[in-house]
Amino acid sequence: MDPSRKRKIRLVVALSAAVLLAAGLVYTSFSASTEAKEPSQLLKADPSGTYDVTGTVVPGSVKRSGDELDFRISDRDGTDPIPVRYSGTVPDPFREGREVILTGRLQDGTFVGERDSLITKCPSKFTTTTPGQSS
C-alpha cells in the first residue's frame, strides 16, 4: 500500500474518532444538567424528584443547631418562601439576603438539601445605576 494513502486513512480514522468522542462528551454534559428551580416552581413540581433550587435566603430565618442549618429561601423577588433543612459544609459567604443554590428534595413542605450541596452566589461587585442616581 502507498505510504501517502496510509497516512490519509489514519488521519480520517483519527478525526472520525475525535468527532465521535466530542459528540459523546457534549451529549453527556447536556443530558446530565438540570435547570435550577425557584421555590415557587418547586411547589408545583413532582414531590418525589430531586431538584436544584435557587433563591434568596430570607433575612431573620437562619437558625443553626449543631450540624443542621435551618433557613428559608424565597424567589428572587422575595415571594413564595419555603423552609430548608441542610446539613454539611456551609460556604463562608453564606448570609441572609444572599442567593444560594441547593440540591435536594421536598419532604412534607420542607426542602431537605443533600449533604454538602449548598452553593452561595457572591453578590456582584458591579451594579448598574442610571446617571443622576446614587447607589
Side-chain angles (χ1 to χ4, degrees):
M1 185 180 270
D2 185 23
S4 65
R5 185 169 181 215
K6 221 179 206 182
R7 279 192 298 261
K8 286 180 186 177
I9 291 173
R10 278 193 212 147
L11 178 63
V12 168
V13 168
L15 288 175
S16 298
V19 167
L20 287 173
L21 288 172
L25 179 62
V26 168
Y27 174 76
T28 56
S29 295
F30 284 114
S31 67
S33 67
T34 59
E35 182 181 338
K37 296 184 179 299
E38 288 192 326
S40 60
Q41 297 169 325
L42 186 66
L43 295 172
K44 300 171 191 164
D46 178 19
S48 64
T50 299
Y51 299 99
D52 288 344
V53 67
T54 182
T56 305
V57 178
V58 176
S61 69
V62 178
K63 294 175 184 58
R64 294 177 191 256
S65 174
D67 191 30
E68 294 229 337
L69 179 66
D70 292 318
F71 58 96
R72 295 176 74 79
I73 59 171
S74 65
D75 287 1
R76 287 185 180 114
D77 62 5
T79 60
D80 298 315
I82 61 169
V84 175
R85 173 161 289 135
Y86 171 75
S87 63
T89 306
V90 178
D92 287 338
F94 178 83
R95 307 256 186 296
E96 295 175 352
R98 290 269 171 95
E99 195 168 332
V100 296
I101 300 173
L102 184 65
T103 303
R105 61 184 49 228
L106 201 57
Q107 292 179 357
D108 299 324
T110 300
F111 189 79
V112 179
E114 293 178 1
R115 185 169 191 80
D116 298 332
S117 68
L118 179 64
I119 300 169
T120 303
K121 289 182 158 183
C122 293
S124 176
K125 294 190 277 186
F126 307 101
T127 59
T128 57
T129 57
T130 55
Q133 283 186 329
S134 61
S135 53

Q: Identify whether Val90 and Val100 are in the same connected component of the hydrophobic contact network (ILVMFWY, side-chain heavy atoms under 4.5 Å).
A: yes
One should read off an interatomic distance between Leu118 CG and Leu102 CG, to the nearest 0.5 angstrom, of 5.5 Å
Rounded to the nearest 0.5 Å, the CZ atom of Arg72 sits from the NZ atom of Lys63 at a distance of 9.0 Å
*Say whether Tyr86 and Val62 are linked into one hydrophobic cluster, either directly or through other cluster members, by side-chain heavy-atom distances under 4.5 angstrom.*
yes
Determine whether Ile82 and Phe94 fall in the same hydrophobic cluster, where Ile, Leu, Val, Met, Phe, Trp and Tyr are linked whenever their side-chain heavy atoms lie under 4.5 Å apart. yes
Next item on the list: Verify side chain to side chain contact (heavy atoms under 4.5 Å, CB included) between Ile73 and Phe111, making sure each step is shown before the conclusion.
Entry: CA-CA 10 Å; Ile73 59 171; Phe111 189 79; 5.8 Å; no
Is the shortest heavy-atom distance from the side chain of Pro39 to the side chain of Val53 under 4.5 Å?
-> yes
Salt bridge (charged side-chain N to carboxylate O under 4.0 Å, His left out) pairs touching residues 105-117, sequence neighbours excluded, are Asp67-Arg115
Counting only heavy atoms not in Asp77, do more than 12 sit closer than 6.0 Å to its CG atom? yes
Value for CG (Leu25) from CG (Leu21), rounded to nearest 0.5 Å, stands at 8.5 Å
For the hydrophobic clusters of this structure (ILVMFWY residues joined by side-chain heavy atoms under 4.5 Å, transitively), does one cluster hold both Tyr51 and Ile101? no
- request: State yes or no: do Phe71 and Val58 share one hydrophobic cluster built from I, L, V, M, F, W and Y residues joined by side-chain heavy-atom distances below 4.5 Å, directly or via other members?
  value: no
Scanning both residues in full, the closest heavy-atom pair of Glu96 with Ser61 reads OE2-N, 4.0 Å
Heavy atoms of Ser40 and Asp80 approach each other most closely as CB-OD2, 2.9 Å
| said: Run Thr54 and Arg76 through side chain to side chain contact (heavy atoms under 4.5 Å, CB included) and show every step you take. | reply: CA-CA 9 Å; Thr54 182; Arg76 287 185 180 114; 4.2 Å; yes
The reported gap from CG in Asp52 to NZ in Lys37 (rounded to nearest 0.5 angstrom) is 10.0 Å
Tightest non-hydrogen contact, residues Thr103 and Ser117, listed as O-OG, 3.1 Å
Rounded to the nearest 0.5 Å, the CD atom of Glu38 sits from the CG atom of Asp75 at a distance of 4.0 Å
Nearest heavy-atom approach of Arg95 to Val57 is O-CB, 3.6 Å
For side chain to side chain contact (heavy atoms under 4.5 Å, CB included), just list the numbers for Thr56 and Arg98, CA-CA rounded to whole Å, side-chain angles, deciding distance to a tenth of an Å, and then say yes or no.
-> CA-CA 5 Å; Thr56 305; Arg98 290 269 171 95; over 6 Å; no
